[in-house]
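Here's the structure, in structure tokens; my notes come after.
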Amino acid sequence: MRILGIDPGLRKTGYGVIDVQQAHIYYVASGTIAIPTDLPLHHRLKHIMDHIREVIEHYKPHESSLEKVFVNTNPETTLLLGQARGAAMCALADTGLDVAEYTALQIKKAVVGRGHARKEQVQIMVQHLLNLNAMPEPDSADALACAITHAHASSLLNKLKELDLDTTHTSKMRGGRL
């Protein structure tokens, strides 16, 4: 399974692609989409959408994950970040990908083990987990961390689904009584 993680932003949008094979995760690619800040907002949002579509077309992920917006001290900044996130989500949905969403707290907890980890700690753990030769850039690391979080979460959900199917099967074998 190939997972695309996105860390949306209006100046830089990070992306990270990993492959998951059983319990192992492998680095495929990552990068940062630089958004020209001199463009009007609607062109910046289109820039995000177009480039995420290109990433999807090139790497052909099976699933996607996106970092949720946190409430910033500045409401205008939160709204703008939400629009960048919406542009990313539309690009993902437009290509037929379902979108899993995770908060920064969930991502940091899944990758570092602490929900209030620093950016550098996330970078170091992503480098370690994916066996990278160099530390990824902050936006790429956040996107890869989002993809890793989804890999762990989807693995757990699949195991729970299997247990539910096994329980149903066992229940039928016993005449519906447990």
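All residue numbers in this chain count up from 1 along the given sequence. Side chains included, hydrogens not; waters and symmetry mates left out as well; all remaining heavy atoms used.
- Side chains of Ile107 and Glu67 form a contact here, defined as non-hydrogen atoms less than 4.5 Å apart.
- In this structure, the separation between OG on Ser30 and CG on Leu132 is 7.0 Å, given to the nearest 0.5 Å.
- Hydrophobic cluster membership is shared by Val28 and Ile52, with clusters built from Ile, Leu, Val, Met, Phe, Trp and Tyr side chains linked at under 4.5 angstrom.
- Both Leu144 and Ile3 are part of a single hydrophobic cluster, where members link through side-chain heavy atoms under 4.5 Å apart.
- The closest side-chain heavy-atom distance from Pro36 to Leu39 is below 4.5 Å.
- The distance from the CD1 atom of Ile124 to the CD atom of Gln121 is 7.0 Å, given to the nearest 0.5 Å.
- Salt bridge Asp142/Lys119: present, at least one basic N to carboxylate O contact under 4.0 Å.
- Under a hydrophobic-cluster definition in which Ile, Leu, Val, Met, Phe, Trp and Tyr are linked whenever side-chain heavy atoms come within less than 4.5 Å, directly or via other members, Tyr15 and Ile148 are assigned to different clusters.
- Atom CG of Asp98 has 12 or fewer heavy atoms from other residues, nucleotides or ligands within 6.0 Å.
- With hydrogens and angles ignored, the 3.5 Å screen pairs a side-chain donor or acceptor of His47 with a backbone N or O of Ala34.
- For Glu54, the side-chain contact (heavy atoms from CB on, under 4.5 Å) partners two or more places apart in sequence, or in a different chain, are His51.
- When all heavy atoms of Gly5 and Cys146 are compared, the pair lying nearest together is CA-CB, 4.5 Å.
- Taken from CG in Leu130 to CE in Met125, the straight-line distance is 10.0 Å, to the nearest 0.5 Å.
- Between Tyr27 and Asn131 there is no side-chain heavy-atom pair separated by less than 4.5 Å.
- Listed for the Lys109 side chain is no donor-acceptor partner under 3.5 Å among the backbone atoms of Gln106.
- A donor-acceptor pair under 3.5 Å links the side-chain atoms of Arg44 to the main chain of Leu10, judged by distance alone.
- Taking a 6.0 Å sphere around CD of Glu137, one finds it holds 12 or fewer heavy atoms contributed by other residues, nucleotides or ligands.
- Residues Gln83 and Leu41 come closest through the heavy atom pair OE1-CD2, 3.1 Å.
- A distance-only check finds no donor-acceptor pair linking the side chain of Thr13 to the backbone of Pro8 [under 3.5 Å].
- Atom CG of residue Leu4 and atom NE2 of residue His58 lie 13.0 Å apart, to the nearest 0.5 angstrom.
- The main-chain N or O of Ala117 is found under 3.5 Å from a side-chain atom of Lys108 such that the two form a donor-acceptor pair.
- Connection of Val122 to Ile25 is established within a shared hydrophobic cluster, with ILVMFWY side chains joined at heavy-atom distances below 4.5 Å, either directly or through further cluster members.
- For the pair Gln123 (side chain) and Met135 (backbone), a donor-acceptor distance under 3.5 Å is absent.
- Taking each heavy atom of Tyr102 and His150 in turn, the nearest pair found is OH-ND1, 2.6 Å.
- Across all their heavy atoms, Val20 and Ala151 have their closest contact at CG2-CB, 3.7 Å.
- With a 4.5 Å cut-off on side-chain heavy atoms, Leu129 and Val111 count as touching.
- Between atom CG of residue Leu80 and atom CG of residue Asn74 there is a gap of 8.5 Å, rounded to the nearest 0.5 Å.
- A search for side-chain contact (heavy atoms from CB on, under 4.5 Å) contacts involving Gln21 returns Tyr26, not counting sequence neighbours.
- Side-chain atoms of Ile56 and Pro61, non-hydrogen and from C-beta on, do get closer than 4.5 Å to each other.
- Val99 and Met1 are assigned to two separate hydrophobic clusters, defined by single-linkage of ILVMFWY side chains at heavy-atom distances under 4.5 Å.
- Contact record, Leu66 with Met89: CD2-CE, 3.7 Å, taken as the closest heavy-atom pair.
- Around the CG atom of Asn133, the shell of radius 6.0 Å holds no more than 12 heavy atoms that belong to other residues, nucleotides or ligands.
- Within the 3.5 Å criterion, the main-chain N or O of Ala145 finds a donor-acceptor partner in the side chain of Thr149.
- Minimum interatomic distance between Ala143 and Gly16 (heavy atoms only, all atoms of both residues): CB-N, 3.4 Å.
- Residues Arg53 and Asp94 meet the side-chain proximity criterion, which asks for heavy atoms closer than 4.5 Å.
- Here the rule is side chain to side chain contact (heavy atoms under 4.5 Å, CB included) with Arg11, and of Thr37, Thr32, Ile35, Ile33 only Thr37 fits it.
- Two residues are said to be in side-chain contact when any heavy atoms from C-beta on lie closer than 4.5 Å; Lys46 and Asp50 meet this criterion.
- With rounding to the nearest 0.5 Å, the separation of OG1 in Thr95 from NZ in Lys60 is 10.5 Å.
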